[in-house]
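Note sheet for the following structure.
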Amino acid sequence: MVRAADRAKRPARTSVWLEGKAPRGGGARGGQPSSLDRDRITEVTVRLLDAEGLAKFSMRRLAAELNVTAMSVYWYVDTKDDLLELALDAVFGELELPDPESGEDWREQLRALAVGYRGLLVRHPWVSPLVGTFLNIGPHSMAFSLRVQEVVRNTGLSLRRQSGAISAVFQWVYGFGTIEGHFVQRCASAGMTQDEYFHQAMSTFSGHPQFAENYESAAGLMEARGGDTVEEMRERDFSVAFELLVAGIESAVASEALREAGG
């Protein structure tokens, strides 16, 4: 176990994955409960973050859930940040990664990765801020990142454009999934379904004269898009946005091929 005083003397941490330590776990340590290990602690951390959110998470709350003392947890992780990094990587392990060598069309594989990442952000809303806080270089996260790179490489884009394509697709998914996750949370907190919350909000919005022009414009867009429920409307938006991104990649590949051919 690393004492708080020792931790204070250490240089600023970069990542739990760069600490050069083997995973701690398996069996009792110094009188600690035999059922406690780092995997178990990480599992319960994910469950608490899902149920109560990042703002309410603490080592004391975790210890109470595990029915141990807070100091017992520090036998297995040095800091709260280390534990959050472990939880972040653990949920990335939920993603099903397509095989880039399977011969499946890159468009379908890219869609599968985008849909999976979006679902991850919605199921675990606390992931969004942590992705921007930590290096996110755990084994599951790195496997996802590598698979994304492999699939984008299969598009035929030149190497200099592949990073931009990854940013276009997955930063868009990050924003889409983050907003969707927040909306789902807001509806749950209000004790309403997504459709109930949406219709109440639109009704309130439409009742204010200063928003009349905005409401009419938005209403026209929604009517053209179609969809009877919030989830249907959201799925249509996601599909169209993804198709537009794919069309952009296809266009870029075609223009590069034409340029190389001297056309």
Side-chain angles (χ1 to χ4, degrees), residues 15 85 88-89 91-185 217-218 221-222 224-227 230-261 263:
S15 170
E85 266 198 285
L88 178 62
D89 191 66
V91 296
F92 267 85
E94 298 172 5
L95 296 173
E96 293 186 13
L97 305 181
D99 179 3
E101 305 299 327
S102 68
E104 184 181 20
D105 187 78
W106 66 262
R107 297 161 187 83
E108 293 306 313
Q109 293 198 330
L110 191 62
R111 178 184 289 275
L113 289 166
V115 168
Y117 188 36
R118 171 193 170 192
L120 180 71
L121 292 163
V122 175
R123 288 192 304 277
H124 310 291
W126 50 272
V127 163
S128 294
L130 294 189
V131 166
T133 300
F134 299 120
L135 290 178
N136 205 19
I137 56 173
H140 293 120
S141 300
M142 293 300 286
F144 173 72
S145 178
L146 180 60
R147 195 55 46 88
V148 167
Q149 294 172 44
E150 291 170 338
V151 170
V152 170
R153 191 175 301 127
N154 287 341
T155 65
L157 270 176
S158 62
L159 188 61
R160 68 183 180 86
R161 282 181 152 181
Q162 289 176 20
S163 177
I166 291 171
S167 294
V169 175
F170 289 94
Q171 289 188 25
W172 158 69
V173 175
Y174 175 86
F176 195 104
T178 296
I179 292 172
E180 181 180 357
H182 288 175
F183 181 76
V184 171
Q185 275 192 316
S217 177
L221 287 173
M222 288 186 291
R225 172 186 55 196
V230 170
E231 290 188 359
E232 286 179 4
M233 290 186 284
R234 190 186 293 125
E235 290 304 320
R236 293 188 182 192
D237 282 345
F238 187 87
S239 293
V240 169
F242 180 79
E243 289 167 4
L244 290 171
L245 287 166
V246 166
I249 293 173
E250 291 172 335
S251 178
V253 171
S255 67
E256 287 180 346
L258 187 62
R259 191 159 47 247
E260 288 180 4

What side-chain donor-acceptor pairs closer than 3.5 Å can you find for residues 240-254, not counting sequence neighbours?
{"unit_1": "E250", "atom_1": "OE2", "unit_2": "R107", "atom_2": "NE", "d": "2.5"}
{"unit_1": "E250", "atom_1": "OE2", "unit_2": "R107", "atom_2": "NH2", "d": "3.1"}

| message | For a 4.5 angstrom cut-off between non-hydrogen side-chain atoms, does E180 reach F238? | response |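 Not in contact.
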
| message | I want to check something: taking the side chain as every heavy atom from C-beta on, are F176 and V122 in contact at a cut-off of under 4.5 Å? | response |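 SC-SC contact between F176 and V122 ruled out.
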
Closest approach of [X] and [Y], non-hydrogen atoms and distance?
| X | Y | value |
| --- | --- | --- |
| V151 | W106 | CG1-O, 3.7 Å |
| L95 | G116 | CD2-O, 3.2 Å |
| S158 | E256 | OG-OE2, 2.6 Å |
| A165 | V152 | CB-CG1, 4.1 Å |
| D99 | Q109 | O-NE2, 2.6 Å |
| R161 | S255 | NH1-OG, 3.8 Å |

| said: In this structure, is the centre-to-centre distance between the rings of Y117 and W172 below 6.0 Å? | reply: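 No - the distance between ring centres of W172 and Y117 does not fall below the 6.0 Å cut-off.
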
Drop me the distance from [X]'s [atom1] to [Y]'s [atom2], to the nearest 0.5 angstrom.
| X | Y | atom1 | atom2 | result |
| --- | --- | --- | --- | --- |
| L121 | I179 | CG | CD1 | 11.0 Å |
| E85 | T133 | CD | OG1 | 10.0 Å |
| E94 | L120 | CD | CG | 6.0 Å |
| N136 | F144 | CG | CZ | 9.5 Å |
| S15 | I137 | OG | CD1 | 4.0 Å |
| L130 | D89 | CG | CG | 12.0 Å |

| ring pair (Phe, Tyr, Trp, His ring centres under 6.0 Å) against H140, all qualifying residues, sequence neighbours excluded |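 For H140 there are no ring pair (Phe, Tyr, Trp, His ring centres under 6.0 Å) partners, ignoring immediate neighbours.
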
| task | Compute whether any side-chain donor of one residue and acceptor of the other, for Q149 and S145, lie under 3.5 angstrom apart. | result |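 On atom types as modelled, these side chains qualify, holding a pair under 3.5 Å.
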
Is the backbone of [Y] close enough, under 3.5 Å, to the side chain of [X] for a donor and an acceptor to pair up by distance?
| X | Y | result |
| --- | --- | --- |
| R147 | P98 | yes |
| T178 | Y174 | yes |
| S239 | R236 | no |
| Q185 | P125 | no |

| said: Under a 4.0 Å threshold between the charged nitrogen and the carboxylate oxygen, would E150 count as salt-bridged to R153? | reply: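 Between E150 and R153 there is no salt bridge, as every charged N stays at least 4.0 Å from the carboxylate O atoms.
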
